[in-house]
Amino acid sequence: MSFASLGLSAPLIQAIEAHQYTQPSPIQESAIPAVLAGKDLLGVAQTGSGKTAAFVLPMLQLLQSKKAAKGRAVKMLVLVPTRELAMQIQDVLRGFGSRLPRQVRSLAVYGGVSINPQMMRLNGTDVLVATPGRLLDLIEHNAVQLSDVEMLVLDEADKMLNLGFQEEMNRIFGLLPRLRQTLLFSATVSGEVEALVANQLKEPVTVRIEEETSVPELINQVAYAVEAARKGPFLRYLLKQEDMQQVLVFASSIRTADNVVGKLIKHGIQAAALHGDKSQGARNDALIKFKAGKLRVLVATDLASRGIDIKFLPHVINYELPRSPKDYVHRIGRTGRAAAPGKAITFVAPEDAHHFKIIQKKMGKQVEIIATDTIDLHGL
Ligand code: AMP
């Protein structure tokens, strides 16, 4: 499925392409058309699912046909539990909104910093991203008015409730028009979240994105205990030993990805990197070659790898562990489909042993860790 088929306009599609998102994530696929159609939405999804763009993109599109906000009356309100999330959402709003025909003005406000600069910048804000306490302070200072809000987004609603914002949220609800569109995102659905949904949402479309932590049986998983300094030579040893011809290697940073590729090329092994610092042209080129079997090793970061659509790969190597068990499952899920068993290999440095235990526990599967210290890597 493409972003264009979700009903997004050409300028937004261009902005999405500039972000190098190649296809919508499952929550985006379901949420974007529903939000564009004016429906209320309950999104049960975690961070990492792409939930931010799932509401930011339709929000920006809906704003295109609305008049610019005037004075203190904001048009759309996003309530969040933390300052970090507020800043993150603001970045996404600005990132996608910067080149649209109708300029969208957004602002993030949160506590812990002086209120005056926030008050001064509020005039003419279309989308306000706020933590509940600071929003109420600003309302008390007469700096914001909620009576014109057409869309309310409650992001990480479970976290807001856990942090004890219920009373502040209730006060805010009392100031909002009853006739509005409401979207609620939450990683978990407790009784309290259910009550919030029942009281604030009208016949919501529900989208549930479960965390994928189960691994297909067909994948043969192996782990090797390798010190960080020996990972490069050990990778070359494995490529040779097992005669691997099409390998996707995962690194956790752009720097490592570039280093691994540099060393492989120096040793005469065809390799390319796929990460956010590469141009779209370079990425496409690497992918096409890799898919066609003309590039032996592709080294990718997790983010860049989201768009890789390869049906079956014989080998996936985790050069470094991903942060989340979910990313581990995503990575190794690229091998071992249908009737063809694939192999997923993970390098575990001594300092990562504990984290690897957590990953195994989450996916409910134990992986044997093979020692490599007796393997002679000289000359590799
Ligand atoms: P979120 O769950 O909103 O925090 O998003 C998690 C990460 O996924 C962010 O770094 C986004 O930039 C990235 N992301 C969101 N949607 C897509 C997509 N369709 N394709 C690739 N990356 C995406």
Side-chain angles (χ1 to χ4, degrees), residues 1-8 12-36 41-61 78-98 106 108 127 129 153-160 183-188 207-213 250-254 257 274-280 283-284 286-287 300-310 322-331 333-334:
M1 180 155 312
S2 70
F3 277 103
S5 65
L6 301 180
L8 292 170
L12 268 169
I13 300 291
Q14 272 172 17
I16 292 166
E17 277 167 4
H19 275 71
Q20 308 189 337
Y21 291 3
T22 47
Q23 61 190 51
S25 70
I27 188 147
Q28 291 160 1
E29 231 173 81
S30 314
I32 292 172
V35 180
L36 286 176
L41 179 90
L42 165 63
V44 184
Q46 336 256 334
T47 296
S49 57
K51 67 181 168 62
T52 316
F55 65 82
V56 163
L57 293 170
M59 188 179 238
L60 290 170
Q61 173 142 330
V78 184
L79 278 186
V80 294
T82 62
R83 166 192 177 146
E84 288 69 32
L85 189 59
M87 295 195 292
Q88 218 172 291
I89 295 172
Q90 156 88 331
D91 284 347
V92 179
L93 275 161
R94 295 218 166 135
F96 285 115
S98 58
S106 57
V127 187
V129 187
V153 180
L154 301 166
D155 197 10
E156 300 196 359
D158 48 352
K159 199 161 172 189
M160 273 199 281
L183 322 179
L184 185 151
F185 293 89
S186 188
T188 53
V207 183
R208 265 173 216 278
I209 308 298
E210 305 294 344
E211 204 173 0
E212 264 181 71
T213 43
F250 282 99
S252 55
S253 72
I254 291 176
L274 193 79
H275 56 58
D277 272 3
K278 295 271 174 194
S279 69
Q280 190 62 48
R283 287 175 176 218
N284 290 347
L287 259 179
T301 57
D302 286 297
L303 213 63
S305 79
R306 274 169 209 248
I308 302 180
D309 172 30
I310 300 177
R323 254 172 293 151
S324 79
K326 190 186 64 177
D327 280 339
Y328 177 87
V329 173
H330 268 185
R331 285 179 178 190
R334 296 173 190 283

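Not measured: the values here are computed from a predicted model. Just follow the structure's listing: the first ligand is 1, and inside any ligand the first atom is 1. Reckoned from all heavy atoms, side chains included, excluding hydrogens, waters and symmetry mates.
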Closer than 4.0 Å to some heavy atom of [X] - which atoms of ligand 1 meet that?
X: Q23; value: 18 (C), 19 (N), 20 (N)
X: T52; value: 1 (P), 3 (O), 4 (O)
X: S25; value: 19 (N)
X: F3; value: 19 (N)

Could an N or O of ligand 1 be found under 3.5 Å from any N or O of [X], whether backbone or side chain?
X: Q20; result: no
X: G50; result: yes
X: Y21; result: yes

Starting at OG of S25, measure out to CE of M1 and round the result to the nearest 0.5 Å. 12.0 Å
Taking L57 as the fixed residue, which of I16, V92, L6, L36 is the one that meets the side chain to side chain contact (heavy atoms under 4.5 Å, CB included) rule? I16
Given V129, V153, V127, the one that forms side chain to side chain contact (heavy atoms under 4.5 Å, CB included) with I89: V129
Partners passing side-chain contact (heavy atoms from CB on, under 4.5 Å) against Q90 (at least two apart in sequence or in another chain): R94, S106, A108
Is the Y21 ring parallel, tilted or perpendicular to the F96 ring (thresholds 30°, 60°)? perpendicular
Quick one, V35 and M59 - any side-chain contact, counting heavy atoms below 4.5 Å? no
